[in-house]
There are 2 protein chains.
Amino acid sequence: MEAAEIEELLTRKGVKPTPQRMVIADFLLHTFSHPTADEVLAAVENRLPCALSRATVYNTLNSLVAAGVIQEVVTEAGKTRYDANISEHHHFVDRKSGRIFDIPGDMVPKLKDNLGDKFQVHNYQITFYGDLLEDA
Amino acid sequence: MEAAEIEELLTRKGVKPTPQRMVIADFLLHTFSHPTADEVLAAVENRLPCALSRATVYNTLNSLVAAGVIQEVVTEAGKTRYDANISEHHHFVDRKSGRIFDIPGDMVPKLKDNLGDKFQVHNYQITFYGDLLEDA
DNA sequence: TCTCTCTTTAGACTTATTCTAAATGCAGAC
DNA sequence: GTCTGCATTTAGAATAAGTCTAAAGAGAGA
Ligand SMILES: [Mn+2]
Ligand SMILES: [Mn+2]
Ligand SMILES: [Zn+2]
Ligand SMILES: [Zn+2]
């Protein structure tokens, strides 16, 4: 995804593409690592000609979530992670390394209609915890 | 569950049953509400003859989790909740009220064996988000 | 150019959780 | 029954994640 596409994506989702938002979106759209806000800050602060504020990182992440460009992922207490993969998918957390892997939605049976008529499910997320075998 | 049973449970799991641990475990074993640490503190502090420290609440919750008496449940960023229901089950979060409901494990198809041979799943949790219909 | 509005910034603030160091409470040894 | 040692509890300090604030900056349109 190149700059023009990212700019078009942000504009289409109603987020004005400022330089700060562009580098943050660009970083998230090109990583598989489900970074925290601090990791985003560390990764992009040297891609801008001037200082990048922690507040701007949080503001931007919250705006991108609200606009549906990225999603929050919470796999462990106290750490919010961000994911530019907004397709229906789930997560596997390696208990040893803590690394998070995407599990495509179609690798898991669909669950929306199993809960009876009391719970109307809008969305759901599955987090698997276990051991990564064949080290990838 | 009465006091003697809770005492026996803690002892069997290797947690010495102090008065503080007893009231915290007793509260958790008798609620369906998935409380936060602060909610636990507020609920039990007047059940003890003397002051209860925030540190003790956290120490106890962490000990009970480590011993497998309770589990952590994270359904939203920044809030750790505790659940004395350690049977295999999942959660439904009402988007309007934030209330959390238990979804028995057998209401959802088993997923452990769907992920191929790269991911060895130890456990997993499903969080459903949606709207509670027929107000219960 | 002027002005309005949105954005960014640094740092203060809040909230959740952990750490620290001192006091307390028992259980076993004597 | 007293002593002693270790685990537990306590209040408050410290840390960490995230939000708020007030002032500065930047761009779009009149
Ligand atoms: Mn993902
Ligand atoms: Mn539960
Ligand atoms: Zn690209
Ligand atoms: Zn009972």
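Nothing here was measured: the structure is a model prediction, and the numbers come from that model. We name chains A, B, ... by the order of the sequence lines, and we start the count at 1 in each one.
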Nearest-0.5 Å distance that lies between atom CD in B/Q20 and atom CG in B/N59:
10.5 Å

Test side-chain contact (heavy atoms from CB on, under 4.5 Å) applied to B/V93 - qualifying residues, sequence neighbours left out
B/T75, B/I100, B/T127, B/Y129

Report the distance from atom CG of A/L61 to atom CD1 of A/I24, rounding to the nearest 0.5 Å.
5.5 Å

Mind listing the side-chain donor-acceptor pairs of residues 32-47 of chain B below 3.5 Å, one per line with the distance, residues two or more places apart or on another chain?
{"from": "B/S33", "atom 1": "OG", "to": "B/T31", "atom 2": "OG1", "distance (Å)": "2.9"}
{"from": "B/H34", "atom 1": "ND1", "to": "B/F32", "atom 2": "O", "distance (Å)": "3.0"}
{"from": "B/H34", "atom 1": "NE2", "to": "B/D83", "atom 2": "OD2", "distance (Å)": "3.2"}
{"from": "B/H34", "atom 1": "NE2", "to": "B/H91", "atom 2": "NE2", "distance (Å)": "3.1"}
{"from": "B/H34", "atom 1": "NE2", "to": "B/D102", "atom 2": "OD1", "distance (Å)": "2.9"}
{"from": "B/T36", "atom 1": "OG1", "to": "B/E39", "atom 2": "N", "distance (Å)": "3.2"}
{"from": "B/D38", "atom 1": "OD1", "to": "B/R54", "atom 2": "NH1", "distance (Å)": "2.5"}
{"from": "B/E39", "atom 1": "OE1", "to": "B/T36", "atom 2": "N", "distance (Å)": "2.9"}

B/E8: partners by side-chain contact (heavy atoms from CB on, under 4.5 Å), with sequence neighbours left out:
B/R12

Quick one: B/L41 CG to C/dT15 C1', roughly how many Å, whole number?
14 Å

Listed pairs, N/O of protein and of nucleotides 22-25 of chain D, under 3.5 Å:
none

Per the end-axis method with five pairs at each terminus, what is the bend angle of the helix from C/dT1-D/dA30 to C/dC30-D/dG1, to 10°?
10°

Hey, what are the protein-to-nucleotides 4-8 of chain C N/O distances that come in under 3.5 Å?
{"from": "C/dT7", "atom 1": "OP1", "to": "A/R21", "atom 2": "NH1", "distance (Å)": "3.0"}
{"from": "C/dT7", "atom 1": "OP1", "to": "A/R21", "atom 2": "NH2", "distance (Å)": "3.4"}
{"from": "C/dT8", "atom 1": "OP1", "to": "A/T18", "atom 2": "OG1", "distance (Å)": "2.4"}
{"from": "C/dT8", "atom 1": "OP1", "to": "A/Q20", "atom 2": "OE1", "distance (Å)": "3.1"}
{"from": "C/dT8", "atom 1": "O3'", "to": "A/Q20", "atom 2": "NE2", "distance (Å)": "3.1"}

Taking side-chain contact (heavy atoms from CB on, under 4.5 Å) as the test, write out the residues that go with A/P19, two or more places apart.
A/L48

Can you name the side-chain contact (heavy atoms from CB on, under 4.5 Å) partners of A/V15, sequence neighbours left out?
A/L10, A/R21, A/L64, A/A67

Go through the structure and list residues passing ring pair (Phe, Tyr, Trp, His ring centres under 6.0 Å) with A/Y58, not counting sequence neighbours.
none

Got a sec, which hydrophobics cluster with B/V73, joining ILVMFWY side chains under 4.5 Å apart, including via others?
none

Between A/L28 and A/A84, which heavy-atom pair has the shortest distance, and what is it?
O-CB, 3.4 Å

Who are the ring pair (Phe, Tyr, Trp, His ring centres under 6.0 Å) partners of A/F27, not counting sequence neighbours?
none

For A/E45 and C/dA10, what is the distance between atoms CD and P respectively, to the nearest whole Å?
11 Å

For nucleotides 15-18 of chain D, list the nitrogen or oxygen atoms of the protein found under 3.5 Å from its nitrogen or oxygen atoms, one pair per line.
{"from": "D/dG18", "atom 1": "OP1", "to": "A/T80", "atom 2": "OG1", "distance (Å)": "2.7"}
{"from": "D/dG18", "atom 1": "OP2", "to": "A/Y58", "atom 2": "OH", "distance (Å)": "2.8"}

Checking ring-ring contact (aromatic ring centres under 6.0 Å, His included) for the pair A/F119/B/F128: CA distance, chi angles, key distance, verdict?
CA-CA 9 Å; A/F119 301 115; B/F128 298 92; 8.6 Å; no

Test side chain to side chain contact (heavy atoms under 4.5 Å, CB included) on B/E76 and A/E72; report intermediate values, then the result.
CA-CA 9 Å; B/E76 72 194 288; A/E72 291 186 348; over 6 Å; no

